[in-house]
Each structure stands twice: as structure tokens, then as C-alpha cells.
Amino acid sequence: MQQREMVTLQGSVEHIVFSSEETGFTVLELNTGEELVTVVGEMVEVSEGEELRLVGEYASHPTYGLQFKVSLCERSLPATANAIYKYLSSGAIKGIGPVIAKRLVDAFGDETLDIMESEPQRMEEIRGLTPKKIAVIRQELSRVFGVRSVMMFLSRYGIAPMVAVKIWKKWGGAGVDVIKENPYLLCAYDIGLEFADADEIARSLDFHSDDTLRIRAGIQYVLSHNLQNGHTCLPKDKLLPAAAALLDVGSEEVDSALALSLEENELIEEVIEGKSFLYLPELYGAERYIAGRIVMNMRLLTTPEKKMDAPIAKLELQKGIQYAARQKKAIAQALVSGVFILTGGPGTGKTTTLNAIIDLFEEQGDTVALAAPTGRAAKRLTELTGREAKTIHRLLEVDFTDPSAARSSVKFKRGERNPLKADVVIIDEMSMVDTLLFESLLRAMKLSARLILVGDSDQLPSVGAGNVLKSLIDSDCVPMVRLDEIFRQAAESLIVTNAHAIVGGEQPDIQTRDNDFFFMESYSYPKTAQMVADLCARRLPGTYGFSPLWDIQVLTPSRKGELGTMELNRRLQEALNPPHPEKAEFVFNGVTYRQGDKVMQIRNNYDMTWTRDNGEHGSGVYNGDIGEILSIDRPARMMQVRFEDRQCAYSFDGANELELAYAVTVHKSQGSEFEAVILPLMHPSRRLYYRNLFYTAVTRAKKLLIIVGPRRAVQYMVDNNKKTLRYSGLKEFILWEMEQQEG
DNA sequence: CCCGCGAA
């Protein structure tokens, strides 16, 4: 059972399992008087036997089972008059000694601490406590009583304890006062309340609708909200009317509030291609830094005089490979450029080229670091190059000591002051890297390090804001080779030619019936779902001999809805792996998992151990890995899951890192390829039916692609290129830097 | 509507 609710837990520390002095990350056993609970999280300097009061939530961990994840940890406070006296007289609270402690406890008894916290003015009754002293004590109390006052204040407005925890972490005991002074801080990106909720609180605190704080917050809110839509900035003439509408105020009010915001550098205004744009400072800084660093790298590290023909010829002999002309050009340019982009669709020989580049750098004695934005891509890069590749996050070493846990972007240990040693940094699947992460990567590279970016900008854009690879390519300044000669797939493959058409905004050929790309018309969802199930279970295995589990993959744009992964997985499980007396099953989070089911790991888990068929041991399963449940042991609450040639033991709780995978979203499929892909489509929606998503889905198929759905859904997806157009100034900033650094 | 990363 998984609970996602903030609760309070009290008890004594029975045993400390693990504790990192550096980060405060601690694992301990807490005795609540009824049971032992495993507690994990940031708890600084706790010792065994100590009484703790914890705020957090229960979550099941794949290997350690049910545990309590701490958001906030406090020492418990004594409850009886006697204990309170001992506590107060010990000097725990500044301003209170034994004498005052005795007077307080004599006056208030068991309720002393409660009264001091919630009715502090009553302390004036106590002889020796001046208003000045009381003010000092109150401040101390708020530090000790902690999050409770913030929670109590916010609970009056129906705001969740989680938000209170964030406020406490950011402002401590002063949180309530800070919020009372400017409730709109609640809807800033690091606290994350909706504007309307913050607005309601402000109203109850007698803020007016034309208050400058309100209008400035509204403008910021629209900007940070659009960060989630992928935009690093917004045109002024779009942002201001949107803010005015949200705030229900006139444009004059918005204009004057904006002037104040700009003056105080809350926002940055920049004219790009003759048009005025507004930025949050963080994103503005990131784009300017990226532009400056990229151009600097190109200018300082490019060594065109170095001739690569002989080394490449030597490598061809060594490896017994003949590189195509484009590949040779790419290899040569990569070795002499400060920044280099290698691009091209699937099957165009990017990997072979990359391997040659790495070999030649290593031959020169250069240290090469390999990384990718996802765990799965990193693992694949490791396999394809025979060298260790990491996620960018792991390469840069995530910094958990940063106290601002509520920040939008992760902080890293590697940076300008502690740069990576690598002479060459190679990033694969660059299309998934967003602006802030790329800035962090560049800052962590030493100034003499070359950068090689590999990717396909026609695939899905990054989750985070920006479209970095596309901006770099569109700037037309960065040396690039596009591989488009198809090695893996025959040139006459309709999958390949249609993929090309889609990228170019042309309609694919959906008429041809004797190639590898098929279109089956269907106008009703139940019929489409039925056709998909029939193709998987009967027709494709029958006609082509494809294995329903390993060769065929159903991809769909959405999770929800009648043709979403949730519903399709239920139907396909019924069709491909129905209940059977000899097949054990269990239910987790409302989903039935059965022996023989196809599942996907949905988070990186570096600790999950596996055994290979050849007996080899190791660890690590990655987000996007697809496997099969081989067996289920109900009494032990364990199951065996097989991923290709590796086998892992999962606890039932481990199912929270798994999903049924008969159907997966196109997003999740990025980075994988399948023999056969079935793509059911329905009535097109603007948000999810767009060109890059369609291209990504089509190019996942190696031998066969079948689209089932209405004809106009195909047409709509090719035409809809809006989704991938993201506002960003990066391209323009690169061009400026080129001009500036020229002289 | 879709979604990446991370200390035992």
C-alpha cells in the first residue's frame, strides 16, 4: 500500500543504520512505541535513544521495503511540568534560566510550552519577563518549535503541510512573517503554489488587487509557468496581456509593476531579432553563459592545421572498417574543433563514427568523458563504446548539501572551482539536454576541454526549458556533420523515406501496401484497441514470426484515455497473458502483475543486482529497460524479472519502479528500437499530436511499422510543428558572441 | 498532455 500523504511520526531512535556527516542524509530505525519504522532523510546530528518528531510520508523502496521519508526532523519537546522545567532550566532556550523556568512552570504547568508558543503575550504575567525579553524568547521559540507555527498559520487557508515544510526550510521561524508581508512568494517557482491560491491568502490579509507585489508576482508567475512549457523567455507582447488577464488589471498597472521588476533585476528584458523578450534572471544567465562559452571554446580550441587523414586511414586498417566520406569528415572535424555536433537519424552510423573519434583522442593521450541525459542512454553508450558512460547528473555529482531543497534546478559538486579532469567531453542524446543542465555541464568543464555533442534534433525536445541542440544547429556557427546515409535500413524502406518526409513537413506515403510502413484506417476507439490486440497476439506473430513480447512494441502518445498506455496495457495483458491457474499474480497500486507479464523499469536503480546467463554478477537497471516477470513467489513477496540476458529479484514493493509495458508512451520509447512498432492514434489533440513525436515513434521501428487510426490524425501530426517551437534567445546570443569575439 | 536527473 502506498501512501502519499504528509504525516507526523514520533518516537525514539532505536538504531542508526547509515549517516553521512557531509550531507546529513541518515537512515535509522525509529521506535514509535508500537512498531519499528525505517526512516530516511536529512537528519543532522541525531543520536540513538533520542526522541524525534518527524514530518514526512510513507513510501515503499524497491529494495528496503516500506519506509518513512522525512521532510522535516525535530527533537521532541517534553510534555510534563517536571520535564518542561528540566528542559527550560537547562538553557535550551536563550533568555530563560532556572529562575524564570520555575516561574513559568509554576504558572502554566503542563501547558507551559503550548502557551509560550501560541499565546506568548501571556508570558507578560511572569515577573522578570520584559516585553523586550519576551521578543527574544519568541524568536528562540520559533526556531525550536519550528514548522508547527508555519503549518498552523497555513492550515487556516487549507494549504498542505508539504508547502509549510518548504517555507520553513527557506525562511525558518520567520516564515509566517515573511508570508504575511508578501503572500505572493508562495507562488514563486520554488514554493510552487498556484497563483490563485496565493492570491486568496493575500486577499484575506487585505492586499488589494492593484498591489504592486501582486502584479509583479503575476508577471513572474506567467513566466515561470511557461518554463514548464519549454520556453526560456516570452515575448513581452505575449507575456504582459497574459499577466493582465490573470490579474484582471489594466495594462498601465502591469507596465508600472514591470518597470519596478526590471529595476530590481527580478526580470530581464532583451531585444532579440527586433522583438522584446522577458526573462527570469536564472534562464537569462544560463543562455548568455552557454553562448559565451560555446563561442569561446570554438575560437580558442579549434586547431584546423592538424591533419587527420593518416590517423583515420590507420584506424581503418586496424579495425577493418571503411568509413564513408561523411564519417571521415566528421571524425576529422571532431578532432580539431573546440565544439562539434554529430547529428543524423537512427541507423546512420553515428556510433561507428563516435567510436573512431574516441579511439583517436585516446591515442593522442586525451582523457575522454562520456555522458548522456538519461540512465538508459548512458548504459547504451557504455555498451556501444566499451567505455564507462554516466548520466550527466552523475558525471557532475549531484550536491545534496545545498540546503535549498526546494529549488527547480539541481546543484552539482563539479563546477568552475572543481572542474572535470576530462580533455574531451562527449554527450549523447543531446536533444534531451535542457538549458540549465547544459549550463551546469559547461561550467564543470575545464577551459581547455573540447565538447562533442551527438544527437537528433528532430526527436522529442527536452523535458526542461530550452531546445539547446536545435538552437546550436540553427545558429549555423558550430561545426557540424549530419550523417544521413542509411546503413542499417535499406534505402527503399518506407519507414526511412517516410521519416524523412515527416521531418520535412511532408505527408508520408500511407497508401503503399507491400513495404514496411502500413496504415490501417479505424475511426472508433474500441475497434482500434481490438485491432491492436489482434495484431500483437495473432497477426504479426503469424505472418512475420515476431514474438509478441520481445519484437512487437505498442507505442501511444498518451497515458490516459481509451488509447492511453493504462487502458491498452489492461487490454493487451488480457489478450497476451490472461489469468491462468498456474500463473501467480499480485496487485500493486491497483494494477495486477502476473507471471509472464511484460514490464518496464521506470526509474534508474543503480543498486538492483542482477545475474547474467553466463553467471556474471552486477548491478543497475535503468529507466526504460523492458523485461518479463519470470516467476512470482507470493509467500516471500518476491518476483524474478528478466531483462534481456540478466535476471533480477524484485520485492513486491519493487513494483513501484515497474509498469506494464505492452504499451508504452512514445516519450518513454525514445532511445529504444523495436523490430515492429504499432502506433494506435485517435482524435488528434494539439498538445500531444505533433511532428517530432510522430517522427520519434516512426523511427523506433526497425522492420515494421503499423499505424491504426483516423487518416487525419496522421496529417495533423505532420502539420503540427508548433509544439517544438520554443521561445529562446540562445541562437541569437551565439550570433552576438560571434560578432563580439571576432575582433 | 508528455517527462529527465539523484546520498544506504
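Each chain gets a letter, A, B and so on, in the order its sequence line appears, and its residues count up from 1. Just so it is clear, the model here is predicted, and its values are computed rather than measured.
Checking B:dC3, B:dA8, B:dC5 against every side-chain atom of A:Thr391, the shortest atom distance belongs to B:dC5. Taking every side-chain heavy atom of A:Asn229 into account, B:dC1 is the closest of B:dA8, B:dC5, B:dC1. If you check B:dG6, B:dC2, B:dC5 against the side chain of A:Val398, the one that comes closest is B:dG6. Closest approach to the A:Phe25 side chain among B:dA8, B:dC2, B:dG4 is made by B:dA8 (side chain taken as heavy atoms from C-beta onward). Here the side chain of A:Phe18 is nearest to one of B:dA8, B:dC5, B:dC2, namely B:dA8. The nucleotide whose nearest atom lies closest to any side-chain atom of A:His667 is, among B:dC5, B:dA8, B:dC3, B:dC3. The A:Asn604 side chain lies nearest to B:dG6 when the options are B:dC2, B:dG6, B:dA8.
Between the CG atom of A:Asn226 and the P atom of B:dC1 there is a distance of 17 Å, given to the nearest Å. Spacing between atom CG of A:Asn720 and atom P of B:dC1 amounts to 14 Å, rounded to whole angstrom units. Counting to the nearest Å, the C1' atom of B:dC2 and the CG atom of A:Asn467 are 15 Å from each other. One atom, OH of A:Tyr695, and another, P of B:dC2, lie 23 Å apart when rounded to the nearest Å. One interatomic measurement links the two molecules: CG of A:Leu441 to P of B:dG6, which rounds to 15 Å at whole-angstrom precision. The nearest whole Å value for the distance from the CZ atom in A:Arg726 to the P atom in B:dC2 is 16 Å. At whole-Å resolution of the value, CZ in A:Arg376 and C1' in B:dC3 are 16 Å apart. Put simply, CG on A:Leu436 is 13 Å from C1' on B:dC5, counting in whole angstrom units.
The phosphate of B:dC3 has neither OP1 nor OP2 within less than 4.0 Å of any side-chain N or O from A:Ser462. For the pair A:Arg394 and B:dA7, the criterion of a side-chain N or O lying under 4.0 Å from OP1 or OP2 is met. Regarding contacts with the backbone of B:dG4, a side-chain N or O of A:Lys668 is found under 4.0 angstrom from either OP1 or OP2.
Between A:Tyr650 and A:Phe643, the ring planes lie tilted relative to each other; the angle falls in the 30° to 60° range. Using the six-membered ring where Trp is involved, A:Tyr606 and A:Tyr622 have ring planes that are perpendicular, over 60° apart on the 30 and 60° scheme. Aromatic ring orientation, A:Tyr593 versus A:Phe588: perpendicular (interplanar angle above 60°, classes split at 30° and 60°).
Within the 3.5 Å criterion, the main-chain N or O of A:Val621 finds no donor-acceptor partner in the side chain of A:Gln601.
Looking at heavy-atom distances under 4.0 Å, A:Val27 makes contact with a base. Contact annotation for A:Val666: no contact, since no heavy-atom pair falls under 4.0 Å across all strands. Within 4.0 Å (heavy atoms only), A:Gly464 reaches no atom of the nucleic acid at all. Among the heavy atoms of the strands lying under 4.0 Å from A:Asp434 is at least one base atom, whether or not backbone atoms are also near. Residue A:Gln67 is in base contact, counting any heavy-atom pair closer than 4.0 Å across all strands shown.
With respect to A:Gln553, the side-chain hydrogen bond (donor to acceptor under 3.5 Å, both in side chains) criterion is satisfied by exactly one of A:Glu673, A:Arg700, A:Lys598: A:Lys598.
Annotation: A:Phe195 is in aromatic contact with A:Tyr221 [ring centroid separation under 6.0 Å].
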